[in-house]
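Remarks on the structure that follows.
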Amino acid sequence: GAVVSQHPSRVICKSGTSVKIECRSLDFQATTMFWYRQFPKQSLMLMATSNEGSKATYEQGVEKDKFLINHASLTLSTLTVTSAHPEDSSFYICSARDRGRYEQYFGPGTRLTVT
Amino acid sequence: GQQLNQSPQSMFIQEGEDVSMNCTSSSIFNTWLWYKQDPGEGPVLLIALYKAGELTSNGRLTAQFGITRKDSFLNISASIPSDVGIYFCAGSSGGYQKVTFGIGTKLQVIP
């Protein structure tokens with residue numbers, strides 16, 4: 001149980017384009033999903049917290065107009081990187097929390113490369 | 001904000017040896033979580049701790065929630081090559097609050 005999937009696993013895009021990453025909880029209802037960014041050899045940095053049916057809460061320094069988050073259902077959250085630039089290249093990981101539980105379960109991550 | 005200090009940052013051990021790593025916080029946590037991350041993958045939850053003093057095992061892994069609520073440790077007994085990876089501690093001040101992650105401990109096991 002507690003399986004989280006992400007799609008795509010890898011994406012290469014050109015500078016200026018937008019990329020959408022999907023995060024799905026496969027066997028539980030995720031009332032809350034989290035989006036993290038991880039640079040090589042570094043820890044996970046929380047970008048935003050999204051609750052189903054409401055606006056995401058962004059961490060300080062994260063541009064909400066650049067990183068659009070939608071959590072339209074209890075099993076799906078999406079992160080759209082708009083007008084991507086090379087500095088947005090990173091490993092993006094989502095996590096989901098089951099209703100009534102405290103643990104976060106992570107997806108396998110998405111490697112974004114902006115050329 | 002909350003800060004987590006995780007140590008050691010890296011370690012090399014011989015297969016079969018026991019391993020210990022710990023995390024300390026600048027503030028009180030009510031939940032401690034330990035994750036393992038393999039290269040290019042998302043973290044996998046190993047152990048979750050909810051009570052001060054709690055000692056929990058998962059196979060060869062044992063973790064404890066410190067009495068002061070500001071620290072936790074993870075022990076791995078009889079290490080094997082597949083234990084290689086980066087181990088992260090994570091804590092939160094409340095059940096549904098966001099978690100803060102440590103910087104990770106990179107473990108390498110020499111066969």
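Here is how names work: the chains are called A, B, and so on, in the same order as the sequence lines, proteins then strands, and each is numbered from 1.
- Judged purely by distance below 3.5 Å, without hydrogens or angles, the side chains of S20(B) and N75(B) pair a donor atom with an acceptor atom.
- Neither the backbone nor the side chain of Q60(A) comes within less than 4.5 Å of any heavy atom in chain B.
- Between K20(A) and E22(A), none of the side-chain N atoms (NZ, or NE/NH1/NH2) sits under 4.0 Å from a carboxylate O, so this pair counts as no salt bridge.
- Here the two rings, on Y36(A) and F106(A), have centers that are under 6.0 Å apart.
- Only the side chain of I93(A) comes within less than 4.5 Å of a heavy atom in chain B; its backbone stays farther off.
- For chain A, the option among A48(B), A90(B), P43(B) with the highest count of heavy-atom pairs below 4.5 Å is P43(B).
- At a cut-off of 3.5 Å, with distance as the only test, a side-chain donor of T62(B) or S57(B) sits close to an acceptor on the other residue.
- For Q6(A), no part lies near chain B; criterion is any non-hydrogen pair under 4.5 Å.
- Interface residue F88(B): only side-chain heavy atoms are found under 4.5 Å from chain A.
- Counted by atom type alone, S50(A) and W35(A) present zero donor-acceptor pairs between their side chains at under 3.5 Å.
- Using a 4.5 Å cut-off between heavy atoms, Q6(B) does not touch chain A at all.
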